[in-house]
Amino acid sequence: MDRILRYLSQLERNNDRDWFHAHKEEYRQACGDFEAFLGRLIPALCARDASIPLTDPKDLTFKLNRDTRFSHDKSPYNPAFRAHIGPMGKLPIPVGYYIMVKPGGRSFLGGGLFADMFKDATTRIRDAIAQNGAEWEAVLADPAFRARFTLGGEALKNVPRGYDPGHPQAEYLKYKSWYLEYPVADEALLEEGFFSGAVETFAAMAPFNAFLNRALEGFEMPKR
């Protein structure tokens, strides 16, 4: 993690293509370290969550390149190593376990549905919460969950049409996405116990992901 943070910090200070290509060897080393970490993490998650297949870490990571077409920020790279470990690899649905390593205290362990552009997915999860409110509340009330997470997600001002505004989980029916972020300081990444802590954090997240994925059964990603 030390070499990863050093490389990403340098990339953030020198965010241009010339520097990136001149330091390709440092990139390869840091990327190799991140993939090696995932190579340990994936089997540990598989042992606790049967929905997660053993997958080559290279198939779960995201590129550093940024899409700058519609952004005022034209820097070509996002100085972060990211991966999504899900039942279908790095596809956002079914939901899985997300890790981002980014210097400056911006690293986090995440899970759930981050994207709100899939209207069918949003409807399926709202229906599941409306129909299984007690189970949903039990997931959020679990002590291991509450000690680590606060539910995030874009939400409407009002309960959407078709749902009871007086429903006990009405506040959660307003959401369009439901996700978790567990922040990780740079110092914590360097600690010997970070790996085991990450495994435990993802284990506390597993019932939340499982609830969402049961709701999302049958969902098909839009074809490009």
Side-chain angles (χ1 to χ4, degrees), residues 1-46 52-93 95-117 152 177 179-199 201-202 205 221-222 224:
M1 284 295 173
D2 182 54
R3 180 158 52 188
I4 291 171
L5 290 174
R6 279 190 282 112
Y7 171 76
L8 293 173
S9 296
Q10 291 170 357
L11 176 62
E12 188 163 28
R13 291 193 298 269
N14 304 276
N15 201 329
D16 63 73
R17 291 181 174 82
D18 289 341
W19 187 92
F20 180 81
H21 289 293
H23 294 79
K24 266 297 184 65
E25 182 55 32
E26 290 98 316
Y27 165 73
R28 280 192 284 266
Q29 290 176 359
C31 188
D33 289 338
F34 184 61
E35 290 173 357
F37 179 83
L38 296 178
R40 295 174 59 207
L41 182 61
I42 293 164
L45 295 181
C46 291
I52 301 300
L54 278 173
T55 310
D56 187 331
K58 289 184 172 63
D59 296 329
L60 303 176
T61 58
F62 297 88
K63 294 180 179 179
L64 298 182
N65 304 70
R66 294 179 59 249
D67 184 352
T68 62
R69 290 174 297 173
F70 308 108
S71 174
H72 292 296
D73 180 4
K74 298 301 180 183
S75 53
Y77 305 106
N78 177 13
F81 284 138
R82 302 169 295 144
H84 181 257
I85 306 168
M88 294 293 290
K90 66 180 180 181
L91 288 177
I93 299 174
V95 304
Y97 307 99
Y98 183 85
I99 178 170
M100 181 170 82
V101 177
K102 191 169 187 175
R106 293 168 290 176
S107 302
F108 71 89
L109 306 175
L113 183 68
F114 285 82
D116 61 8
M117 74 280 288
S177 58
Y179 62 76
L180 310 172
E181 291 185 1
Y182 180 79
V184 182
D186 291 358
E187 296 79 13
L189 289 169
L190 301 174
E191 291 176 358
E192 187 175 337
F194 172 64
F195 175 81
S196 59
V199 173
T201 296
F202 283 136
M205 188 185 297
M221 289 291 293
R224 294 184 178 181

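The first residue in the sequence is number 1, and the count goes up from there.
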[X]: what forms a salt bridge (Lys or Arg N to Asp or Glu O under 4.0 Å) with it, not counting sequence neighbours?
X	result
Arg40	none
Lys90	none
Arg69	Asp67

Between Ala188 and Val184, the two heavy atoms sitting closest are CB-CG1, 3.8 Å
Taking every heavy atom of Cys46 against every heavy atom of Leu54, the minimum-distance pair comes out as SG-N, 3.7 Å
The side chain to side chain contact (heavy atoms under 4.5 Å, CB included) partners of Ala115 (sequence neighbours excluded) come to Met117, Phe118
Measure the spacing between [atom1] of [X] and [atom2] of [Y] and express it to the nearest 0.5 Å.
X	Y	atom1	atom2	result
Leu8	Leu64	CG	CG	7.0 Å
Met88	Ile52	CE	CD1	11.5 Å
Arg13	Trp19	CZ	CH2	8.5 Å

Does the side-chain contact (heavy atoms from CB on, under 4.5 Å) test come out yes or no for Leu41 and Phe202, once each step is laid out? CA-CA 10 Å; Leu41 182 61; Phe202 283 136; 4.0 Å; yes
Using a 3.5 Å distance criterion without hydrogens, assess whether the side chain of [X] forms a donor-acceptor pair with backbone atoms of [Y].
X	Y	value
Asn15	Tyr77	yes
Thr201	Val199	no
His84	Leu91	yes

Report task. Walk me through it: do Ile85 and Thr55 pass the test side-chain contact (heavy atoms from CB on, under 4.5 Å)? Result -> CA-CA 8 Å; Ile85 306 168; Thr55 310; over 6 Å; no
Inset, instruction - Check the side chains of Ser75 and Asp73 for a donor-acceptor pair under 3.5 angstrom, ignoring hydrogens and angles. - result: yes
Show me the side-chain donor-acceptor pairs of residues 96-103 shorter than 3.5 Å, one per line, residues at least two apart or across chains.
residue, atom, partner, partner atom, Å
Tyr97, OH, Asp49, OD2, 2.6
Lys102, NZ, Asn78, OD1, 3.1

Worksheet entry | is_close_aromatic(Phe37, Phe194), centroid dist under 6.0 Å | yes
With a sphere of 6.0 Å drawn around NZ of Lys74, does it hold more than 12 non-hydrogen atoms of other residues, nucleotides or ligands? yes
Open item on the list: Quick one, Met205 and Tyr182 - any side-chain contact, counting heavy atoms below 4.5 Å?
Closed with: no
message = Can you tell me how the ring of Phe114 sits relative to the ring of Phe108, calling it parallel under 30°, perpendicular over 60° and tilted otherwise?
response = tilted
Residues 14-27 vs salt bridge (charged side-chain N to carboxylate O under 4.0 Å, His left out), sequence neighbours excluded, gives Glu25-Arg28
